[in-house]
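Notes follow the structure.
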Amino acid sequence: MNKDTEFVMYIDNFLSSQSLFSLQNEMMKITEYKKTSDDDGYTFGWRYNYDYDFNKKHNGLLDDIKHVFFPHRNLVPMQVSANIRSQNNVAEGGSPLFHKDTYGDNVANFLFYVKGEPLFNNGTGFLNQNKLTSSIGFLENRALFFNGLQVEHGDLQAFGNSSMRYTLNIFYREE
């Protein structure tokens, strides 16, 4: 797989119950989330950027991601963040925020559904030629791995019934 390959993969029950519970507790205790908005000023969530201690504290998780999703590629995390999304952009008159991730040398994204209601609109949609062609509903302990530089994507919360969702996002670059 090269950096131009359009791919979306996911796996359920990615972490052990104990590891999931630990990550849920950690993310819910964070008090330094910062508001994030789109280019039009609509709030779409809150983000906490982990520092380099994440790699030390969760090295087992990073190893598991590599083993499952890219065992033969040398990808390294460039940015790790905890995110909270809600329907705020709907209340403010916003629309789905589909985008490609053009962050630095990003070649792959890991998105982990940490905590939230198992609702379809809490999930993530993927576009092909500006049309929603696939979606992956929200389910705690579901891990997604995709090329966010090539595949336009976004949360589905603007489409209707959803709840607050916590996710862990990791952007990877090729070493």
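When a residue number appears, it is its place in the shown sequence, counting from 1. Not measured: the values here are computed from a predicted model.
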Report task. Check for a donor-acceptor pair, side chain of His153 on one end and backbone N or O of Val151 on the other, with a separation under 3.5 Å. Result ->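 Looks like yes, one N/O pair under 3.5 Å.
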Query raised in the report: Under 3.5 Å, side chain of Arg165 to main-chain N/O of Asn122, donor-acceptor pair present?
Result: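 Judged by distance alone, yes, a pair lies under 3.5 Å.
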Are [Y] and [X] linked, directly or through intermediate hydrophobic residues, by side-chain heavy-atom contacts shorter than 4.5 Å (ILVMFWY only)?
{"X": "Val68", "Y": "Val76", "result": "no"}
{"X": "Leu119", "Y": "Met164", "result": "no"}
{"X": "Leu15", "Y": "Met9", "result": "yes"}

Query raised in the report: Near Glu32 CD, under 6.0 Å, is it more than 12 heavy atoms from other residues, nucleotides or ligands?
Result: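 Counting other residues, nucleotides and ligands, CD of Glu32 exceeds 12 neighbours.
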Report task. Tell me, yes or no, whether the heavy-atom count around Asn49 atom CG, taken from other residues, nucleotides or ligands under 6.0 Å, exceeds 12. Result ->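 Yes, because the 6.0 Å sphere around CG of Asn49 holds more than 12 heavy atoms from other groups.
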Query raised in the report: Which is it for Val107 and Phe171 under the side-chain contact (heavy atoms from CB on, under 4.5 Å) test, yes or no, and what are the steps along the way?
Result: CA-CA 8 Å; Val107 297; Phe171 292 107; over 6 Å; no
If you measure from [atom1] on [X] to [atom2] on [Y], what distance do you get to the nearest 0.5 Å?
{"X": "Arg85", "Y": "Ser163", "atom1": "CZ", "atom2": "OG", "result": "13.5 Å"}
{"X": "Asn25", "Y": "Met28", "atom1": "CG", "atom2": "CE", "result": "8.0 Å"}
{"X": "Arg47", "Y": "Thr167", "atom1": "CZ", "atom2": "OG1", "result": "9.0 Å"}
{"X": "Leu127", "Y": "Lys100", "atom1": "CG", "atom2": "NZ", "result": "9.5 Å"}
{"X": "Glu152", "Y": "Asn130", "atom1": "CD", "atom2": "CG", "result": "6.0 Å"}
{"X": "Phe69", "Y": "Phe7", "atom1": "CZ", "atom2": "CZ", "result": "10.0 Å"}

Could you tell me if the side chain of [Y] sits less than 4.5 Å from the side chain of [X], heavy atoms only?
{"X": "Ser135", "Y": "Phe120", "value": "yes"}
{"X": "Tyr113", "Y": "Lys115", "value": "no"}
{"X": "Leu139", "Y": "Asp12", "value": "yes"}
{"X": "Met78", "Y": "Arg173", "value": "yes"}
{"X": "Leu62", "Y": "Pro77", "value": "yes"}
{"X": "Leu23", "Y": "Tyr166", "value": "no"}
{"X": "Tyr48", "Y": "Trp46", "value": "no"}

Query raised in the report: Just checking, is any N or O donor in the side chain of Ser16 or Ser19 under 3.5 Å from an acceptor N or O on the other one?
Result: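 Yes, a side-chain donor-acceptor pair sits under 3.5 Å.
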Query raised in the report: Does a side chain donor of either Asn169 or Asn83 reach within less than 3.5 Å of an acceptor in the other side chain?
Result: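 Side chains of Asn169 and Asn83: pair found under 3.5 Å.
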Taking all non-hydrogen atoms of both residues, which atom of [X] and which atom of [Y] are closest, and how far apart?
{"X": "Gly148", "Y": "Asn106", "value": "C-ND2, 4.5 Å"}
{"X": "Gln24", "Y": "Val114", "value": "NE2-O, 2.9 Å"}
{"X": "Phe98", "Y": "Gly125", "value": "CE2-O, 3.7 Å"}
{"X": "Tyr50", "Y": "Met27", "value": "OH-CG, 3.7 Å"}

**Report entry** Criterion ring pair (Phe, Tyr, Trp, His ring centres under 6.0 Å) against Phe70, the qualifying member of Phe146, Tyr172, Phe110
**Finding:**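 Exactly one option meets the ring pair (Phe, Tyr, Trp, His ring centres under 6.0 Å) with Phe70, and it is Tyr172.
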Query raised in the report: Which one of Thr124, Ile170, Leu168 satisfies the side-chain contact (heavy atoms from CB on, under 4.5 Å) criterion with Leu111?
Result: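 Going through the options one by one, the only one that passes is Thr124.
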Query - Option passing side-chain contact (heavy atoms from CB on, under 4.5 Å) with Phe14 (candidates Leu144, Leu20, Leu61) - result: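 Exactly one pass, corresponding to Leu61.
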Query raised in the report: Can we say Glu140 and Arg142 salt-bridge, meaning some charged N sits less than 4.0 Å from an Asp/Glu carboxylate O?
Result: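 No, this pair does not count.
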